[in-house]
Amino acid sequence: MFKAPRGTADTLPEEQPYWRYIQDKALELCRLYGYGCISTPAFEDAGLFARSVGEGTDIVNKEMYLFKDRSDNELALRPEGTAPVCRAYIEHGMDNLPQPVKLFYFADIFRYERPQAGRYRQHHQFGCEAIGDPSPVLDAEVINMALNFFTSLGLVNFSLQLNSIGCRKCRPGYLQKLKEYYAPLAPQLCADCQVRLDKNPLRLLDCKKPGCQAAADEAPKSSDYLCDECAQHFASLGTYLTALGVRYVLNHRLVRGLDYYTRTVFEIQPAEGGSQSALGGGGRYDDLIALIGGKSTPAIGFATGMERIVLNLVNQGITVPPAEKPAVFIACMGGNARVEAVKLAAKMRDAGIAVISSSGERSLKAQLRHANAAGASYAAIIGEDEVKAGVVMLRNMESGEQQEMQPGDLIKLAGNGQ
RNA sequence: GUGAGUGUGGCCCAGAGGCCUAAGGCGCCAGGUUGUGGCCCUGGUUAUCGAGGGUUCGAAUCCCUCCACUCACCCCA
């Protein structure tokens with residue numbers, strides 16, 4: 001027996017309304033903010049991610065689906081959505097468009113991780129990227145957009161965690177301070193953190209181990225070591241967020257696991273849920289485009305996990321519009337009736353009416369049972385009597401009332417009910 | 001990659017070495033009305049008890065290995 005690969009899932013018709021709901025809200029959000037849809041390949045040159053996400057990150061180190069194609073190209077299933085969009089921005093000369101260029105996407109994301117609640121090897125992200133504008137006004141707008149998205153979904157009790165991790169100019173100095181602070185504490189740190197101290201000191205801050213937490217609480221804060229430009233950017237962002245009425249939590253331990261972030265980083269956390277429960281996150285990545293071969297271009301974006309949103313919608317008991325039910329179920333008995341049923345179904349669909357047509361192989365009882373289970377508003381019944389009279393018997397499935405009518409009248413009636 | 005828990009028909013689950021050629025509920029199918037659903041009643045349907053090996057006269061039940069799922073660590077969406 002074949003099964004869906006570990007960490008992947010089938011989304012069956014009954015759960016589709018949640019996805020449809022989220023997509024509709026996302027589309028409306030992007031319309032309001034002027035974002036255009038972009039689709040990029042599910043796989044890219046592996047180097048794109050190694051270069052942008054960072055050689056030292058977990059995503060690149062141990063989570064990428066890497067493979068060679070038959071021409072020996074080194075490819076990777078995309079482990080995140082930002083780098084491919086930036087690659088497309090460069091490749092299609094979007095720097096010639098009015099800046100910033102605003103793009104959104106729905107993308108399958110692949111990471112070889114141990115599956116868990118809200119964590120999959122293939123998951124789906126909705127993300128937005130605004131490329132080509134360095135202003136903190138844009139940071140505020142993007143953050144507000146992300147929050148509005150969750151609000152429009154009906155979600156409550158989530159918080160915005162915010163931090164600035166500086167830029168190429170000031171971060172080295174901060175990292176130095178961080179190392180100096182941590183050096184004497186090294187013996188008390190967990191094994192992972194011993195390694196981080198040398199390789200990726202920023203990540204020391206978000207270790208969840210009790211011993212390391214204590215150390216991290218007292219650690220130097222990146223926001224205290226920003227250069228003048230970064231400090232001013234961060235201060236302005238605060239002003240705009242306040243102007244927008246956005247409440248945020250300054251979290252100096254928020255650093256994110258992708259190397260390309262600069263200055264603003266943020267995460268949206270639900271009040272309840274497991275530890276890997278971030279609903280979404282993002283930040284500014286002013287160096288990324290130059291890093292992968294474009295000219296220096298500032299940018300900011302965010303992404304959210306569709307599966308995690310569904311999880312939270314269900315947990316919070318938010319109801320979504322149900323899938324559309326068929327207006328009419330056509331039941332028939334006998335060969336002549338079957339021909340009429342086939343013709344009627346075709347006519348009704350031409351008229352835009354949703355119809356389920358029975359093949360008529362089973363008893364009328366069975367056909368009506370099917371009509372009921374399908375949630376049809378009406379059942380159109382055609383037997384030999386109806387064929388002779390040139391009519392159909394229309395049964396209201398809710399009231400049980402039924403009457404004979406001309407096929408043309410039936411189409412009018414059902415069409416109005418749509 | 002690490003740790004813990006779980007694994008019985010499509011789904012939920014009973015079952016604690018012999019009464020299990022595995023019970024019940026949901027679902028599905030058929031019948032109860034020679035052409036009528038939803039409720040009710042009747043009958044039927046689907047399980048080599050995750051896989052492999054072992055202990056035993058005897059294993060769904062005990063042991064081992066593997067696999068998968070769930071949860072946590074880690075990381076993030």
Side-chain angles (χ1 to χ4, degrees), chain A residues 1 3-9 12 14 22 53 57-63 78-82 106-127 146 149-150 190-193 195-196 200 203 206-210 212 254-258 265 267-270 273-282 301-312 329 331-334 337 358 360-387 393-402:
Chain A
M1 260 272 276
K3 287 195 290 185
R6 186 163 195 198
T8 68
L12 303 178
E14 60 200 36
I22 297 166
V53 175
T57 61
D58 284 353
I59 291 177
V60 168
N61 263 340
K62 42 191 193 192
E63 295 178 1
R78 74 178 146 217
E80 65 102 38
T82 299
F106 291 100
D108 305 33
I109 303 292
F110 304 87
R111 292 182 199 167
Y112 190 83
E113 299 183 271
R114 189 88 176 249
Q116 205 183 122
R119 197 175 76 182
Y120 306 91
R121 288 185 173 177
Q122 178 184 19
H123 75 276
H124 301 77
Q125 292 188 3
F126 158 59
F149 177 53
F150 297 117
C190 69
D192 285 341
C193 281
V195 179
R196 290 182 181 125
N200 199 347
R203 297 219 61 82
D206 68 354
C207 183
K208 307 291 193 304
K209 298 254 180 0
C212 305
L254 176 67
V255 297
R256 319 246 329 133
L258 296 85
V265 291
E267 232 168 66
I268 288 99
Q269 301 275 359
S275 52
Q276 72 297 325
S277 63
L279 273 171
F302 78 91
T304 68
M306 300 283 282
E307 285 84 353
R308 288 192 184 170
I309 292 174
V310 172
L311 212 59
N312 278 271
F329 181 98
C332 60
M333 289 155 291
S358 170
E361 299 289 353
R362 299 203 285 165
S363 69
L364 180 59
K365 180 176 185 154
Q367 293 182 59
L368 285 177
R369 225 184 333 244
H370 187 349
N372 186 62
S377 307
Y378 295 96
I381 301 166
I382 307 175
E384 290 304 322
D385 297 347
E386 286 79 10
V387 173
M393 183 66 80
L394 185 68
R395 180 181 182 82
N396 182 317
M397 291 300 287
E398 198 171 336
S399 67
E401 292 165 9
Q402 54 185 46

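Each chain gets a letter, A, B and so on, in the order its sequence line appears, and its residues count up from 1.
Taking the P atoms as reference points, rC19(B) lies 14 Å from rG58(B), given to the whole Å. Annotation: rG50(B) and rG9(B) have their P atoms spaced 7 Å apart (nearest Å). Separating the P atom of rG5(B) from that of rC62(B) is a span of 14 Å, rounded to the nearest Å. For the P atoms, the distance linking rA51(B) with rG7(B) amounts to 13 Å, nearest Å. As rounded to the nearest Å, rG24(B) and rC41(B) have P atoms that lie 15 Å from one another. Comparing the same atom, C1', in rA60(B) and in rC49(B) gives a spacing of 4 Å after rounding to whole Å. For the C1' atoms, the distance from rC20(B) to rU48(B) is 14 Å, rounded to whole Å. Spacing of P atoms, rU65(B) relative to rU21(B), comes out at 29 Å, to the nearest Å.
Within 4.0 Å of K62(A), counting heavy atoms only, lies no atom of the nucleic acid at all. The residue R111(A) sits close to a base: some heavy atom pair falls under 4.0 Å. Among the heavy atoms of the strands lying under 4.0 Å from A303(A) are primed sugar atoms or P, OP1, OP2 only; no base atom is included. G7(A) comes within 4.0 angstrom of sugar-phosphate atoms only, judged by non-hydrogen atoms across all strands, and of no base. Across all strands shown, I109(A) has no heavy atoms under 4.0 Å from either base or sugar-phosphate atoms. Contacts of F329(A) with the nucleic acid, taken as non-hydrogen atoms under 4.0 Å apart, are absent.
Side-chain contact between L258(A) and E80(A) is present, with at least one heavy-atom pair separated by less than 4.5 Å. Looking at heavy atoms from C-beta onward, F150(A) lies in side-chain contact with I268(A) at the 4.5 angstrom threshold.
Whole-Å rounding puts the Q116(A) CD to rG3(B) P distance at 15 Å. With rounding to whole Å, H123(A) atom NE2 is found 7 Å from rA77(B) atom P. Rounded to an integer number of Å, the gap from CD of E113(A) to C1' of rU2(B) is 15 Å. Distance CG (L12(A)) to C1' (rG10(B)): 11 Å, rounded to an integer number of Å. What separates CD of Q367(A) from P of rC28(B) is a distance of 16 Å, to the nearest Å. When rounded to the nearest whole Å, the span between CD of E63(A) and P of rC75(B) equals 10 Å. Between the CZ atom of F149(A) and the P atom of rA77(B) there is a distance of 15 Å, given to the nearest Å. If you take CG of L311(A) and C1' of rU70(B), they are 13 Å apart, rounded to a whole angstrom.
Within the structure, a side-chain polar atom (N or O) of R362(A) is placed less than 4.0 Å from OP1 or OP2 of rA30(B). Here S363(A) reaches the OP1 or OP2 of rG31(B): one of its side-chain N or O atoms lies under 4.0 Å away. Listed pair R6(A) / rC67(B) fails the phosphate criterion, with no side-chain N or O lying under 4.0 Å from OP1 or OP2.
Applying the side-chain hydrogen bond (donor to acceptor under 3.5 Å, both in side chains) rule to R111(A) yields no partners; only residues at least two apart in sequence or on another chain are considered. In terms of the side chain to side chain contact (heavy atoms under 4.5 Å, CB included) criterion, residue partners of Y120(A) (sequence neighbours excluded) are, by chain and number, H123(A), E307(A). Residues satisfying the salt bridge (charged side-chain N to carboxylate O under 4.0 Å, His left out) test with E386(A), not counting sequence neighbours, are none. For K62(A), the salt bridge (charged side-chain N to carboxylate O under 4.0 Å, His left out) partners two or more places apart in sequence, or in a different chain, are D58(A).
Of the nucleotides present, none pairs with rC20(B) by Watson-Crick or G-U wobble criteria with both distances under 3.5 Å. Using the Watson-Crick or G-U wobble rule with both distances under 3.5 Å, rU36(B) pairs with nothing in any strand shown. Pairing for rU42(B) goes to rA30(B), judged as Watson-Crick or G-U wobble with the two contacts each under 3.5 Å. Nucleotide rC75(B) forms no Watson-Crick or G-U wobble pair with any nucleotide shown, as no partner meets the under 3.5 Å limit on both distances. Across all strands shown, rU65(B) pairs with rA51(B); the Watson-Crick or G-U wobble distances both stay below 3.5 Å. Base pairing of rU56(B) is not made with any nucleotide, judged by Watson-Crick or G-U wobble geometry with both donor-acceptor distances under 3.5 Å.
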Which pairs of donor and acceptor atoms, one on a side chain in residues 367-374 of chain A, lie under 3.5 Å apart (sequence neighbours left out)?
from, atom 1, to, atom 2, distance (Å)
Q367(A), OE1, C332(A), N, 3.0
Q367(A), OE1, S358(A), OG, 3.0
Q367(A), NE2, C332(A), O, 2.9
Q367(A), NE2, R362(A), O, 2.8

Pick out the pairs of N or O atoms, protein on one side and nucleotides 35-37 of chain B on the other, that lie under 3.5 Å.
from, atom 1, to, atom 2, distance (Å)
rG35(B), O6, D385(A), N, 3.4
rG35(B), O6, D385(A), OD1, 3.4
rG35(B), O6, D385(A), OD2, 2.4
rG35(B), N1, E386(A), OE1, 2.9
rG35(B), N1, E386(A), OE2, 3.1
rG35(B), N2, E386(A), OE2, 3.0
rU36(B), O2, R395(A), NE, 3.4
rU36(B), O2, R395(A), NH1, 3.0
rU36(B), O2, Q402(A), OE1, 3.3
rU36(B), N3, Q402(A), OE1, 3.0
rU36(B), N3, Q402(A), NE2, 2.8
rU36(B), O4, Q402(A), NE2, 2.6
rG37(B), N7, R395(A), NE, 3.4
rG37(B), N7, R395(A), NH2, 2.7
rG37(B), O6, R395(A), NH2, 3.1
rG37(B), N1, M397(A), O, 2.3
rG37(B), N2, N372(A), OD1, 2.8
rG37(B), N2, M397(A), O, 2.6
rG37(B), N3, N372(A), OD1, 3.3

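Heavy-atom nearest nucleotides on RNA chain B were determined for A4(A) and for T304(A), and the one closer to the 5' end corresponds to A4(A).
For the pair R395(A) (side chain) and A379(A) (backbone), a donor-acceptor distance under 3.5 Å is absent.
The cationic atom of R121(A) (NZ for Lys, CZ for Arg) lies less than 6.0 Å from the six-membered ring centre of Y112(A) and within 45° of the ring axis.
Contact check on R256(A) versus E267(A) returns a salt bridge, with a Lys/Arg side-chain nitrogen under 4.0 Å from an Asp/Glu carboxylate oxygen.
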